[in-house]
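First comes the structure, then the notes that go with it.
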Amino acid sequence: MKNNQTRFAILVSGRGSNMSRLIDVSKQDSDSHGSIQCVISDNKKAPALKTARDKGIKSKYISPGKKYRTRLTDKAQAKYIKYLKKNKVDYILLAGFMRMLKPGLIDSFPNRIINIHPSLLPAYSGLDTHSRVIDAGEKTTGCSVHFVDSGMDTGKLIAQSIVEVSNDDTPASLGKKVLEKEHKIYPYIMKLLADNKIEYENWKMIVV
Ligand code: GRF
């Protein structure tokens with residue numbers, strides 16, 4: 001690894017298919033995609049932890065604390081911050097991390113925490129996006145990459161990919177189509193971040 005490479009951490013809670021793609025592209029070409037320093041999960045049983053380890057990436061479970069289902073306790077969040085700082089992380093990529101972050105963590109990495117969401121935000125924030133999209137009779141959906149703030153899927157948009165919804169789509173088939181786009185757009189954005197091409201203030205959302 002070169003000294004000037006951008007250093008990423010990935011936060012996960014489950015399957016980790018986006019994480020897997022990000023690891024693969026950074027391993028293929030860390031000069032242009034930066035390097036992944038660590039993967040952290042709030043879920044001890046997340047398959048992503050083993051996948052990351054098998055790919056040679058340091059992966060760690062950090063307990064979210066017992067108080068909340070969708071957030072970290074202050075004590076837990078302090079542990080996340082400590083570990084991320086210890087690993088000298090430049091950017092944090094959320095990839096299916098199922099908890100909202102609180103200001104303490106967001107302020108420790110200002111405009112350097114990014115998320116991917118399976119809808120065209122601001123539409124369909126939150127969970128179960130694909131069934132809601134189908135129930136509403138939408139003709140298009142997609143995925144969004146955005147900066148993270150303390151709201152749910154509310155941060156400034158970086159990029160979106162569009163997917164057509166067919167009449168016979170089920171939540172599962174639509175999810176598969178959207179995921180294929182996610183696996184392309186997230187590595188692409190990772191590369192732009194590694195190249196310092198995305199600057200919060202001046203960025204205008206792109207469609208890729
Ligand atoms: C993806 O659909 C992502 O957009 C959302 O959670 C899902 C995670 O899937 N935030 P995976 O764990 O990357 O396979």
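For the numbers below, each heavy atom of this structure counts, side chains included, while hydrogens, waters and symmetry mates do not. Residue numbers count from 1 along this sequence. Each ligand, and each atom within it, is numbered from 1 in the order the structure gives.
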Run the side-chain donor-acceptor check on residues 188-208: report pairs under 3.5 Å with partners two or more places apart or on a different chain.
residue	atom	partner	partner atom	Å
Glu199	OE1	Asn202	ND2	2.5
Trp203	NE1	Ile158	O	2.8

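- Residue Asp149 forms a side chain to side chain contact (heavy atoms under 4.5 Å, CB included) with just one option from Leu101, Asn111, Thr154, and that option is Thr154.
- Atom CE of Met98 has 12 or fewer neighbouring heavy atoms from other residues, nucleotides or ligands inside a 6.0 Å radius.
- Residues lining ligand 1 at a heavy-atom distance below 4.0 Å are given as Arg15, Gly16, Ser17, Asn18, Gly96, Ile116, His117, Pro118, Glu182, ordered by chain and residue number.
- When atom types are taken as modelled, the side chain of Thr51 and the backbone of Pro47 share a donor-acceptor pair closer than 3.5 angstrom.
- Using a 4.5 Å cut-off between side-chain heavy atoms of Ile, Leu, Val, Met, Phe, Trp and Tyr, Leu49 falls into a hydrophobic cluster with Tyr61.
- Remark: Arg21 pairs with no residue by the salt bridge (Lys or Arg N to Asp or Glu O under 4.0 Å) rule, at least two apart or across chains.
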